[in-house]
Amino acid sequence: MKLYSTNHQSPTVSLREAVMNGLAPDGGLYMPEELKRLPEEFFKKLESLSFQEIAFEVAWSLMKEEMAEKDLKTIVDEAINFDAPLVPLSDTLSVLELFHGPTLAFKDFGARFMARLMAHFLKDSKKELTILVATSGDTGSAVASGFFGIPGVRVILLYPSGKVSEIQEKQLTTMGGNVTALEVKGVFDDCQRMVKEAFLDKELKSKLSLSSANSINIGRLIPQSFYYFYAYAQARLRTTRELIFSVPSGNFGNLTAGLIAKRMGLPVTRFIAACNANDVVPQYLKTGRFEPKPSKKTMSNAMDVGNPSNFARMRELYDSSKTMRQDIWSRSFSDAETEAAMKEVQEKYHYILEPHGAVGYLGAQAFLKENPSDVSAIILETAHPAKFLNVPLPVELQVCRNRPKKSVLISSEFRDLKNFLLKN
Ligand SMILES: *Cc1c(COP(=O)(O)O)cnc(C)c1O
């Protein structure tokens, strides 16, 4: 698999290089040069395959030149060791529960897979690797959990002070071991900017072996395509209707992984990019102009992104907003609408959605209202309700709640981050 930079100024690289570097030297994101369609036989037998078997087939199709079959199998089996059940709410509406991993958010898929991929590529290396992650909550804990205890790797998390939920902060700051949390006096976009600057900084580059673990890393994106195939397999057992996926989106990694699955042959009629008040992509699809803005704080805080990084990849897959519109339909929703949607789903279907999933629900509803059609809608539920709502905490989260918070407070100046990295 060869990967190119979305800025088109850097040479193409192998998967190993793309995963270890995170960002391309020209500041672009890595994209696979070719996304081959999976063979017809794969789609014919999909319903009879397990999640891990599906994941392996998809991964193998992309990565077969990169490693031995048995190594990839081990990585897939260890990373994808929890389910992603498709739960029907009605005949035409279902929820893909992506929160059954160790940190109860869909980011476990990407983080666990990428950590094992990096560990595989690092097997013979002597230098310690520093993983730098900007997080608005869930990324950080998923990445920290994915890398926890992996020898030769330290994880530095940057999170915006006071902008993540109490339980998210506990998850980020209580891991210890090879994980350090930096509490940044700023917003998520500051954290993301600081991480980007670190990768472009010559001195840091020469002194440290730095890598990213945000959704900009292709190693995190690839595994997120697996569950689209698995959702399709589960849906086919119940319905012959065409499928649409509604994806609550912030940095658009989740959605981009869906677009990749579609390029690999997955029959998806439409993707709904469901956003909160941070509406840069819905605006782009409406006007054809991409205008990043400062992020706005909402109750679905993991999607409070004003300059979605994966948009660069989405743009590579389409030649204009017009062609993108054929695959993606997008709307933005307010907190009041989100609140009402959670209530509606609980009353109508006796199902508890947390705010991110509720935005996904709103996206599906709005699409079907404007485009009445005989499709079956799959809403991606990206986090466990206990992470955001007052429902009983699963044991995984109870444990960290009782541990003391340990973080290092820094300003949103890049200089502060740089000093910390060089001194510690
Ligand atoms: C990260 C996250 C999102 C947004 O996913 P993107 O890939 O950044 O679009 C949505 N919901 C939850 C719970 C998240 O953690």
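For clarity, every value in this text was computed on a predicted model and none was experimentally measured. Counting convention: from 1, in listed order, for ligands and their atoms alike.
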- Which of the numbered atoms in ligand 1 are below 4.0 angstrom from a heavy atom of K107? 1 (C), 2 (C), 3 (C), 14 (C), 15 (O)
- Query: Should A302 be counted as touching ligand 1, given the test is an N or O pair under 3.5 Å?
  - Reply: no
- Sub-6.0 Å ring centroid separation between H384 and F99: yes
- Task: List every atom of ligand 1 that sits less than 4.0 Å from any heavy atom of N251, numbering the atoms from 1 in the order shown and giving each element.
- Result: 6 (P), 8 (O), 9 (O)
- Message: Polar contacts were defined as any N/O atom of the residue lying under 3.5 Å from an N/O atom of the ligand; does this apply to F252 and ligand 1?
- Response: yes
- Looking at the rings of F82 and F109, which for Trp means the six-membered one, are their centres under 6.0 Å apart? yes
- Query: Quick one: does F99 get within less than 4.0 Å of ligand 1, heavy atoms only?
  - Reply: no
- Message: I want to know if ligand 1 touches E354 in the polar sense, i.e. an N/O pair below 3.5 angstrom.
- Response: no
- Message: Could you check whether atom CG of N402 has more than 12 heavy atoms from other residues, nucleotides or ligands sitting under 6.0 Å from it?
- Response: yes
- Message: Please evaluate residues F121 and M20 with respect to the criterion side-chain contact (heavy atoms from CB on, under 4.5 Å), reporting the C-alpha separation (whole Å), side-chain torsions for both, the decisive distance (0.1 Å), and the verdict.
- Response: CA-CA 8 Å; F121 289 141; M20 300 317 285; 3.9 Å; yes
- Query: Which of the atoms of ligand 1 are close to N254, meaning less than 4.0 Å from one of its heavy atoms?
  - Reply: 7 (O)
- Message: Tell me every residue that passes side-chain contact (heavy atoms from CB on, under 4.5 Å) with S225, counting only those two or more places apart in sequence or in another chain.
- Response: V58, A257, A261
- Quick note on ligand 1: atoms under 4.0 Å from a heavy atom of A383 include exactly 13 (C)
- Give yes if a backbone or side-chain nitrogen or oxygen of H356 is under 3.5 Å from a nitrogen or oxygen of ligand 1, and no if not. no
- Quick one: is the NZ or CZ of R325 closer than 6.0 Å to the six-membered ring centre of W329, and within 45° of its axis? no
- May I ask you to list the atoms of ligand 1 that are less than 4.0 angstrom from any heavy atom of G253? 6 (P), 7 (O), 9 (O)
- Message: Taking NZ in K286 as the centre, count heavy atoms belonging to other residues, nucleotides or ligands within less than 6.0 Å. Is the count above 12?
- Response: no
